[in-house]
Each structure stands twice: as C-alpha cells, then as structure tokens.
Visitor: 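Quick one: the structure is below, questions incoming.
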Amino acid sequence: MTYTERFMVRPDESLSLADWDPRQNDGMRKKDGRQLLYDMRDELNDLQELLYASQKYALLILLQGMDTSGKDGVIKRVVNAFNPQGCEVTSFKVPTEEELAHDFLWRVHRRVPRRGMVGIHNRSHYEDVLVVRVESLFPARVWRPRYEMINHFEELLAHSGVVMLKFFLHISPEEQKERLERRLANSHSHWKFRLSDLRARSKWDKYMHAYEEALSRCSSEHAPWFVIPADRKWYRNLVVSNILLEKLRSLDMEWPTLEPGVDPDMEII
Ligand code: AMP
Ligand code: MG
C-alpha cells in the first residue's frame, strides 16, 4: 500500500479523527526514518526541476494543524529538498483590513503558484471554516456555505493544472502540551508562544470537530486531504515526503526538447 493510499481521506468518507493515531510510526526507529527521508531528497529535487522545466503543472502544498503541530517544521525539513527558486511560501495570518474587505478566497487565490512553481500555504482558506467557526468570528450563515465554495474553488484550480496536496498535521493534546512547555522553557522559542495558542488549546474538541467536517467534506481526488501522524516529527516528515514523491512521480511530465534549429550534435566552439 502506498503512503498516499494509507493516509488519504477518501472523498465522501465521514472522518473521525479518533480513528487516526497521532503517534503512529510503523514501529520504525527514528534513525532509520531519518535516513529514508535523506535518501529521498535527490529524487524530490530532480522531480521539482522537471516540474519547473515542463511548465505543465503547479504544485500547491497546503499545511494545516493546531499550534506546534509542525507546519513550520515540514517547510524546514521537507520542502527544503526543493530548489528555493521554484518555491513560494505564504503564511496566512489573521486577515488584514484589506483582506477582509474582499471575499475570503481572494488572498489565497493571489498566492496560488503559476505553472512550474511549488506553492506552500502555511494555513489557508480552511481557516475560514476552522478558527472562524470555532471562535464565532462570523455567524454560521457566513461560514456554512464555504465548504461548497471551497470545493468549487479547488476544482477550478485543478482544471488549471494546479496539483494540490492538503496535509492535516495530527498531534495529540498531550504532545502539544509538551511542545508548548518546551517553548516556555527555551528563551529562543518565546517568540513563537502566543496566549491565543492556549485559547485554541482549551477548545481542542471543537477544533477537532471543525477539522473533521472540513476534511470530510472537502477531500476529493483532485485535491485530497491527508491525515499525517505528527506526534513524532521524523515520522511526520517521512510521510509527507513520501506522499509528495508519489504524487510527483505520477505526473505526466516531459523534459522540453531543444529549440528548433539546434542540432544536439553541433560542435560548441
Ligand atoms: P501562526 O500560524 O502561529 O503565525 O498564527 C496565525 C494566526 O492567524 C492563527 O491563530 C490563525 O488561526 C489566524 N488566522 C489565520 N487565518 C485566519 C482567518 N481567516 N481568520 C481568522 N484568523 C486567522
Ligand atoms: Mg502559532
């Protein structure tokens, strides 16, 4: 079974996160997992170059998860196999006044990568059915219709050559507690600690419920959601890397040929 098959949320599956173990590691040792990750780097890099050269597809990697679940870690440890010239990372924060004056997809659509590029969205339009819902930032009549709108939006992107992979980094509340405590204990991590993280933590079940609905209703063949076991950082990285690799390998891409009039046997003087 491929990693893609194992961790993908089936379209129309009614997902229960309680069925997904955040501590999963296949009984593998950290050292071996890290080696496997390392061994994948060159192929990931080559395939990204092919994506760039062939200009047929864009790749959009979307990262969601509770605070400390490792969204930044995936960018640091997985995405860094790619050439930075071909990548654009966007972190979506509390919307600005200008962003709020537009429809909720506006700021996201502008940051969707062009063909040839890899876009990484650290948080995304899903915040508009997650934090917005749980914190009641807008009434239900505003966020309820958004699942459908998101599905249409993602269909539009797929039609335009955007290959999307959506990762939910699934950590346990116990693991989050440890990570937050570590942030408090280390002065170099204090900048990452926000009181709002504790507010979100206190509503853990509500967030999980909101995630379940988003993942159940918005996972499709062309824009699948994956539930990534994220209590162990190295295993999380290994699974995300494998899914990226499997997707890139499956794409029908070809190296561009020489421009007309150039003979490959010509002598370079
Ligand atoms: P961080 O990812 O830790 O830098 O925090 C970003 C914060 O922005 C998180 O608390 C998100 O919940 C919040 N955020 C992102 N998108 C939205 C949105 N559409 N509406 C409200 N808050 C958002
Ligand atoms: Mg944070």
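Note that ligands are numbered from 1 as they come in the structure, with each ligand's atoms numbered from 1 the same way.
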Visitor: Does even one non-hydrogen atom of Pro95 get within less than 4.0 Å of ligand 1?
Guide: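 Yes, Pro95 has heavy atoms under 4.0 Å from ligand 1.
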
Visitor: As an exercise, state the distance from CD of Gln176 to CZ of Arg179, rounded to the nearest 0.5 Å.
Guide: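 Reported to 0.5 Å precision, the distance equals 9.0 Å.
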
Visitor: Mind checking whether Tyr126 and Trp225 have parallel, tilted or perpendicular rings, split at 30° and 60°?
Guide: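 Ring orientation, 0 to 90° scale: perpendicular.
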
Visitor: Under 4.0 Å from a heavy atom of Arg107: give me the atoms of ligand 1 that qualify, with their elements.
Guide: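 Selected atoms, number and element: 16 (N), 17 (C), 18 (C), 19 (N).
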
Visitor: Show the atoms of ligand 1 that are less than 4.0 angstrom away from any heavy atom in Leu137.
Guide: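 Contacts of ligand 1 toward Leu137, numbered from 1: 21 (C).
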
Visitor: Considering distance alone, does some N or O of Glu127 sit under 3.5 Å from an N or O of ligand 1?
Guide: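 Between Glu127 and ligand 1 (N or O atoms, distance only) the closest approach is under 3.5 Å.
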
Visitor: Classify the contact between Val94 and ligand 1 as side chain, backbone, both or neither, using a heavy-atom distance cut-off of under 4.0 Å.
Guide: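 Both backbone and side chain of Val94 come within 4.0 Å of ligand 1.
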
Visitor: Cation over ring, Arg111 on Phe92, under 6.0 Å and within 45°?
Guide: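 Arg111 over Phe92 ring: no.
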
Visitor: Which one of Glu99, Arg123, His125 has a non-hydrogen atom at the shortest distance from atom 9 (C) of ligand 1?
Guide: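 Looking at heavy atoms only, Arg123 sits closest to atom 9 (C) of ligand 1.
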
Visitor: Taking Gln48 for its side chain and Asn83 for its backbone only, find out whether a donor-acceptor pair lies under 3.5 Å.
Guide: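 Confirmed, Gln48 side chain pairs with Asn83 backbone.
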
Visitor: Going by the closest heavy atom to atom 23 (C) of ligand 1, which one wins out of Thr68, Asp67, Asp128, Val131?
Guide: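 Minimum heavy-atom distance to atom 23 (C) of ligand 1 goes to Val131.
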
Visitor: Taking 4.0 angstrom as the limit and counting only heavy atoms of Phe92, give me the atoms of ligand 1 inside it, by number and element.
Guide: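 Reading through ligand 1 atom by atom, the close ones are 15 (C).
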
Visitor: Just heavy atoms, cut-off under 4.0 Å: does Leu130 contact ligand 1 by side chain, backbone, both, or neither?
Guide: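 The answer is neither; Leu130 stays 4.0 Å or more away.
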
Visitor: Checking contacts here: is it the side chain or the backbone of Lys93 that comes within 4.0 Å of ligand 1, counting heavy atoms only? Could be both or neither.
Guide: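 For Lys93, backbone and side-chain atoms both sit under 4.0 Å from ligand 1.
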
Visitor: Between Trp143 and Tyr147, what is the ring plane arrangement, given parallel below 30°, perpendicular above 60°, and tilted in between?
Guide: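 Judged by the thresholds at 30° and 60°, the geometry between Trp143 and Tyr147 is perpendicular.
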
Visitor: Identify the residue among Phe153, Trp106, Phe104 that makes a ring-ring contact (aromatic ring centres under 6.0 Å, His included) with His125.
Guide: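 Result: among Phe153, Trp106, Phe104, Phe153 is the only option passing the ring-ring contact (aromatic ring centres under 6.0 Å, His included) with His125.
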
Visitor: Between Lys166 and Cys218, is there a donor-acceptor pair closer than 3.5 Å when you use the side chain of the first and the backbone of the second?
Guide: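 Between the backbone of Cys218 and the side chain of Lys166 there is a qualifying donor-acceptor contact (under 3.5 Å).
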
